[in-house]
Amino acid sequence: MTAFRPADRELAGRFIRLTPFDPADIAALFIALGRPEVFAGGFGGGPQGQPADAAAFERFATAYYAGGPTALPFTVRLRGGPDDGAIVGATELGDLHLVNESAHIGWTAYDPRVWGTAVNPEAKLLLLTLAFDHGFGRVKLQADERNTRSRAAIAKLGARFEGIARREQPRADGSWRDSAVYSILVDEWPAVRAGLEQRLAAWGDEPVRLEAASRAGS
(Lines give C-alpha, C1' and ligand atoms only; values in the text may rest on other atoms or scores of the structure.)
Protein backbone atom coordinates (compact mmCIF):
# COMPACT_ATOMS: atom_id res chain seq x y z
CA MET A 1 0.00 0.00 0.00
CA THR A 2 1.39 3.40 -0.99
CA ALA A 3 -1.71 5.59 -0.78
CA PHE A 4 -2.20 7.89 2.20
CA ARG A 5 -4.95 10.31 3.12
CA PRO A 6 -4.29 13.91 2.08
CA ALA A 7 -4.48 16.64 4.70
CA ASP A 8 -7.54 18.86 4.86
CA ARG A 9 -6.12 21.99 3.26
CA GLU A 10 -6.83 24.56 0.58
CA LEU A 11 -5.94 23.80 -3.03
CA ALA A 12 -5.26 26.82 -5.20
CA GLY A 13 -5.25 27.06 -8.98
CA ARG A 14 -5.22 30.00 -11.39
CA PHE A 15 -9.00 30.35 -11.65
CA ILE A 16 -10.35 28.76 -8.48
CA ARG A 17 -9.57 27.78 -4.92
CA LEU A 18 -10.85 24.63 -3.28
CA THR A 19 -11.29 25.23 0.43
CA PRO A 20 -12.20 22.50 2.94
CA PHE A 21 -15.98 22.47 3.28
CA ASP A 22 -17.23 24.57 6.18
CA PRO A 23 -20.85 24.82 7.37
CA ALA A 24 -20.40 28.59 7.12
CA ASP A 25 -20.33 28.11 3.32
CA ILE A 26 -23.84 26.65 3.14
CA ALA A 27 -25.79 29.91 2.79
CA ALA A 28 -23.71 30.91 -0.25
CA LEU A 29 -23.91 27.38 -1.65
CA PHE A 30 -27.70 27.55 -1.47
CA ILE A 31 -27.63 30.66 -3.65
CA ALA A 32 -25.23 28.99 -6.10
CA LEU A 33 -26.74 25.50 -6.21
CA GLY A 34 -30.33 25.69 -5.01
CA ARG A 35 -31.65 25.78 -8.57
CA PRO A 36 -33.72 23.29 -10.57
CA GLU A 37 -31.16 23.10 -13.40
CA VAL A 38 -28.46 21.97 -10.92
CA PHE A 39 -30.54 19.07 -9.58
CA ALA A 40 -31.98 18.18 -12.99
CA GLY A 41 -28.94 16.11 -13.99
CA GLY A 42 -28.88 13.88 -10.91
CA PHE A 43 -27.13 15.94 -8.23
CA GLY A 44 -28.63 15.19 -4.83
CA GLY A 45 -30.70 12.36 -6.26
CA GLY A 46 -32.25 14.33 -9.09
CA PRO A 47 -35.06 16.90 -9.35
CA GLN A 48 -37.09 15.45 -6.49
CA GLY A 49 -34.06 15.79 -4.24
CA GLN A 50 -33.90 19.58 -4.52
CA PRO A 51 -34.39 21.09 -1.06
CA ALA A 52 -37.46 23.29 -0.78
CA ASP A 53 -35.81 26.16 1.09
CA ALA A 54 -32.62 27.34 2.76
CA ALA A 55 -33.22 25.33 5.93
CA ALA A 56 -33.77 22.13 3.96
CA PHE A 57 -30.67 22.84 1.87
CA GLU A 58 -28.64 23.28 5.06
CA ARG A 59 -29.70 19.82 6.25
CA PHE A 60 -28.95 18.36 2.82
CA ALA A 61 -25.49 19.95 2.47
CA THR A 62 -24.48 19.12 6.04
CA ALA A 63 -25.11 15.43 5.36
CA TYR A 64 -23.87 15.39 1.74
CA TYR A 65 -20.50 16.97 2.58
CA ALA A 66 -20.00 15.50 6.04
CA GLY A 67 -16.37 14.52 5.40
CA GLY A 68 -14.57 12.07 7.66
CA PRO A 69 -11.65 9.64 7.35
CA THR A 70 -12.58 8.58 3.80
CA ALA A 71 -13.80 11.88 2.36
CA LEU A 72 -12.39 15.32 1.58
CA PRO A 73 -15.24 17.71 0.69
CA PHE A 74 -14.42 21.12 -0.76
CA THR A 75 -16.14 24.40 -1.48
CA VAL A 76 -15.28 25.87 -4.89
CA ARG A 77 -14.43 29.59 -4.94
CA LEU A 78 -13.41 31.86 -7.79
CA ARG A 79 -9.89 33.26 -7.64
CA GLY A 80 -8.99 36.72 -8.89
CA GLY A 81 -10.97 39.42 -10.61
CA PRO A 82 -14.07 41.24 -9.36
CA ASP A 83 -15.67 37.99 -8.10
CA ASP A 84 -12.63 36.82 -6.13
CA GLY A 85 -13.74 34.51 -3.34
CA ALA A 86 -17.26 33.98 -4.69
CA ILE A 87 -18.61 30.52 -3.87
CA VAL A 88 -19.65 28.78 -7.09
CA GLY A 89 -19.87 25.11 -6.19
CA ALA A 90 -18.83 22.11 -4.15
CA THR A 91 -17.02 18.86 -4.86
CA GLU A 92 -15.35 15.98 -3.04
CA LEU A 93 -12.51 13.50 -3.21
CA GLY A 94 -14.18 10.60 -1.46
CA ASP A 95 -14.43 6.84 -1.07
CA LEU A 96 -10.75 6.87 -0.11
CA HIS A 97 -9.59 3.25 0.06
CA LEU A 98 -5.94 3.22 1.05
CA VAL A 99 -5.36 -0.52 0.64
CA ASN A 100 -6.86 -0.56 -2.85
CA GLU A 101 -5.27 2.81 -3.65
CA SER A 102 -8.59 4.00 -5.07
CA ALA A 103 -10.62 7.19 -4.75
CA HIS A 104 -13.71 8.80 -6.26
CA ILE A 105 -14.20 12.38 -7.44
CA GLY A 106 -17.86 13.26 -7.21
CA TRP A 107 -20.64 14.98 -5.26
CA THR A 108 -19.95 17.87 -7.62
CA ALA A 109 -22.19 20.75 -8.57
CA TYR A 110 -21.58 24.27 -9.85
CA ASP A 111 -23.50 27.49 -10.19
CA PRO A 112 -24.89 27.38 -13.77
CA ARG A 113 -23.20 30.71 -14.42
CA VAL A 114 -19.81 28.96 -14.45
CA TRP A 115 -20.80 25.95 -16.55
CA GLY A 116 -18.54 25.69 -19.57
CA THR A 117 -15.77 27.83 -18.03
CA ALA A 118 -12.35 26.94 -16.62
CA VAL A 119 -13.89 26.08 -13.25
CA ASN A 120 -14.57 22.36 -13.76
CA PRO A 121 -11.35 21.42 -15.59
CA GLU A 122 -9.26 23.20 -12.97
CA ALA A 123 -11.19 21.60 -10.10
CA LYS A 124 -10.54 18.19 -11.64
CA LEU A 125 -6.87 19.03 -12.20
CA LEU A 126 -6.47 20.01 -8.55
CA LEU A 127 -8.28 16.94 -7.20
CA LEU A 128 -6.59 14.46 -9.52
CA THR A 129 -3.19 15.93 -8.67
CA LEU A 130 -4.02 15.59 -4.99
CA ALA A 131 -5.02 11.95 -5.41
CA PHE A 132 -2.11 10.81 -7.54
CA ASP A 133 0.43 12.77 -5.49
CA HIS A 134 -0.77 10.81 -2.45
CA GLY A 135 -0.22 7.38 -3.95
CA PHE A 136 -3.65 6.57 -5.34
CA GLY A 137 -3.64 4.42 -8.45
CA ARG A 138 -7.25 4.72 -9.63
CA VAL A 139 -9.72 7.58 -9.48
CA LYS A 140 -13.35 6.90 -10.35
CA LEU A 141 -15.81 9.43 -11.77
CA GLN A 142 -19.42 8.63 -12.49
CA ALA A 143 -22.74 10.18 -13.47
CA ASP A 144 -26.34 9.23 -13.89
CA GLU A 145 -26.53 7.28 -17.14
CA ARG A 146 -29.14 9.80 -18.36
CA ASN A 147 -26.98 12.85 -17.67
CA THR A 148 -25.40 13.42 -21.07
CA ARG A 149 -23.91 16.80 -20.08
CA SER A 150 -21.98 15.41 -17.11
CA ARG A 151 -20.95 12.31 -19.03
CA ALA A 152 -19.54 14.45 -21.85
CA ALA A 153 -17.61 16.56 -19.33
CA ILE A 154 -16.10 13.45 -17.72
CA ALA A 155 -15.11 11.98 -21.08
CA LYS A 156 -13.55 15.30 -22.08
CA LEU A 157 -11.23 15.03 -19.10
CA GLY A 158 -9.69 11.94 -20.67
CA ALA A 159 -11.32 9.46 -18.29
CA ARG A 160 -11.95 6.00 -19.70
CA PHE A 161 -15.50 4.65 -19.82
CA GLU A 162 -15.75 1.38 -17.90
CA GLY A 163 -19.43 0.58 -18.32
CA ILE A 164 -22.85 0.98 -16.76
CA ALA A 165 -23.40 -0.01 -13.14
CA ARG A 166 -27.04 -1.04 -13.27
CA ARG A 167 -29.48 -0.17 -10.46
CA GLU A 168 -26.56 1.40 -8.66
CA GLN A 169 -28.37 3.84 -6.36
CA PRO A 170 -31.88 5.19 -5.77
CA ARG A 171 -32.98 8.55 -7.12
CA ALA A 172 -34.95 10.92 -4.93
CA ASP A 173 -38.15 10.06 -6.81
CA GLY A 174 -37.85 6.39 -5.87
CA SER A 175 -36.62 5.16 -9.24
CA TRP A 176 -33.27 3.40 -9.54
CA ARG A 177 -30.32 5.04 -11.21
CA ASP A 178 -27.96 3.31 -13.63
CA SER A 179 -24.54 4.95 -13.29
CA ALA A 180 -22.05 5.49 -16.10
CA VAL A 181 -18.65 4.71 -14.58
CA TYR A 182 -15.33 6.18 -15.74
CA SER A 183 -11.83 6.04 -14.30
CA ILE A 184 -8.33 7.43 -14.63
CA LEU A 185 -5.37 5.24 -13.69
CA VAL A 186 -2.01 6.49 -12.49
CA ASP A 187 -0.34 5.33 -15.73
CA GLU A 188 -2.83 7.48 -17.69
CA TRP A 189 -2.42 10.50 -15.46
CA PRO A 190 0.47 12.23 -17.32
CA ALA A 191 -1.55 12.37 -20.55
CA VAL A 192 -4.73 13.44 -18.75
CA ARG A 193 -2.84 16.13 -16.84
CA ALA A 194 -1.29 17.47 -20.04
CA GLY A 195 -4.72 17.68 -21.65
CA LEU A 196 -6.19 19.56 -18.71
CA GLU A 197 -3.26 21.94 -18.57
CA GLN A 198 -3.63 22.62 -22.29
CA ARG A 199 -7.33 23.36 -21.87
CA LEU A 200 -6.63 25.76 -19.03
CA ALA A 201 -3.84 27.49 -20.93
CA ALA A 202 -6.33 28.21 -23.72
CA TRP A 203 -8.35 30.32 -21.27
CA GLY A 204 -5.46 32.76 -20.88
CA ASP A 205 -4.99 34.73 -17.69
CA GLU A 206 -8.38 36.42 -17.41
CA PRO A 207 -10.22 35.33 -14.26
CA VAL A 208 -13.67 33.80 -14.42
CA ARG A 209 -16.32 36.48 -13.92
CA LEU A 210 -19.85 35.53 -12.96
CA GLU A 211 -21.48 38.16 -15.14
CA ALA A 212 -19.37 37.33 -18.18
CA ALA A 213 -19.81 33.60 -17.62
CA SER A 214 -23.57 34.07 -17.42
CA ARG A 215 -23.67 35.93 -20.74
CA ALA A 216 -21.47 33.28 -22.40
CA GLY A 217 -23.78 30.51 -21.26
CA SER A 218 -26.99 32.23 -22.31
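Atom CD1 of I105 sits about 6.0 Å away from atom CG of L93, to the nearest 0.5 Å. Expressed to the nearest 0.5 Å, how far CZ of R209 lies from CG of D84 amounts to 11.5 Å. Remark: Y65 OH to T75 OG1 distance equals 8.5 Å, nearest 0.5 Å. Residue R14 holds its CZ atom at 10.5 Å from CZ of R79, rounded to the nearest 0.5 Å. The CZ atom of R149 sits 10.0 Å away from the CD atom of E37 when rounded to the nearest 0.5 Å. The CG atom of L128 sits 7.0 Å away from the CG atom of L196 when rounded to the nearest 0.5 Å.
Checked by atom type and distance alone, the side chain of W115 pairs as donor or acceptor with a backbone atom of Y110 at under 3.5 Å. Between the side chain of S179 and the backbone N or O of E168 there is no donor-acceptor pair closer than 3.5 Å. In this structure a side-chain-to-backbone donor-acceptor pair under 3.5 Å is missing from D8 to P20. A donor-acceptor contact shorter than 3.5 Å is absent between the side chain of N100 and the backbone of S102. A donor-acceptor contact shorter than 3.5 Å is absent between the side chain of R177 and the backbone of R167.
Proximity of P51 to F39: side-chain heavy atoms (C-beta onward) are separated by under 4.5 Å at one or more points. Within the 4.5 Å cutoff, no side-chain heavy atoms of F136 are placed close to those of L130. Looking at heavy atoms from C-beta onward, D83 lies out of side-chain contact with V208 at the 4.5 angstrom threshold. Between V181 and L141 there is no side-chain heavy-atom pair separated by less than 4.5 Å. At least one side-chain heavy atom of H134 sits less than 4.5 Å from a side-chain heavy atom of F4. Within the 4.5 Å cutoff, the side chain of I184 has no heavy atoms near those of the R160 side chain. Side chains of Q169 and Q142 form a contact here, defined as non-hydrogen atoms less than 4.5 Å apart. Between L72 and E92, every side-chain heavy-atom pair lies at or beyond the 4.5 Å cut-off.
R5 approaches P69 most closely through the heavy-atom pair NE-O, 3.0 Å. Nearest heavy-atom pair across I26 and T62 is CD1-OG1, 3.5 Å. Contact between L33 and G89 at its shortest, heavy atoms only, is CD2-CA, 4.2 Å. Considering every non-hydrogen atom in both V139 and F132, the closest pair reads CG2-CZ, 3.8 Å. Residues L126 and A12 approach most closely at CD2-O, 3.7 Å, considering heavy atoms. When all heavy atoms are compared, the tightest approach of I16 to E122 is N-OE1, 3.0 Å.
Linking ILVMFWY side-chain heavy atoms closer than 4.5 Å, directly or via other members, places L185 and L157 in two distinct hydrophobic clusters. In the hydrophobic clustering of this structure, I164 groups with I154; members are Ile, Leu, Val, Met, Phe, Trp, Tyr whose side-chain heavy atoms approach within less than 4.5 Å, directly or through other members.
Here R146 does not pair with D178 in a salt bridge; the nearest charged N to carboxylate O distance is not below 4.0 Å. D111 and R113 are joined by a salt bridge, as a carboxylate oxygen and a charged side-chain nitrogen come within less than 4.0 angstrom of each other. Here R138 does not pair with E101 in a salt bridge; the nearest charged N to carboxylate O distance is not below 4.0 Å.
Under 3.5 Å, the side chains of S183 and E162 contain a donor-acceptor pair of N or O atoms.
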Apply side-chain contact (heavy atoms from CB on, under 4.5 Å) to the pair L125 and R199, showing each step before the final yes or no. CA-CA 11 Å; L125 177 63; R199 285 175 62 186; over 6 Å; no
Could you walk me through whether L78 and L210 pass side-chain contact (heavy atoms from CB on, under 4.5 Å), step by step? CA-CA 9 Å; L78 295 183; L210 286 174; 4.0 Å; yes
Working note: F15 + L200, criterion side-chain contact (heavy atoms from CB on, under 4.5 Å); need CA distance, chi angles, decisive distance, verdict. CA-CA 9 Å; F15 301 99; L200 292 170; 4.1 Å; yes
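In this structure, R166 forms no cation-pi arrangement with W176, as its terminal cationic atom is not both closer than 6.0 Å to the ring centre and no more than 45° off the ring axis.
In the displayed structure, D205 atom CG is contacted under 6.0 Å by at most 12 heavy atoms of other residues, nucleotides or ligands. For R35, the CZ atom counts as densely surrounded, since its 6.0 Å shell holds more than 12 non-hydrogen atoms of other residues, nucleotides or ligands.
Just one of L18, V119, I87, V88 meets the side-chain contact (heavy atoms from CB on, under 4.5 Å) condition when paired with R77; it is I87. Residue F74 is tested with L11, T19, T108, D25 for a side-chain contact (heavy atoms from CB on, under 4.5 Å); the sole match is L11.
Ring-plane geometry between F43 and Y64 is classed as perpendicular, the angle between the planes exceeding 60 degrees on a 0 to 90 degree scale with a lower cut at 30.
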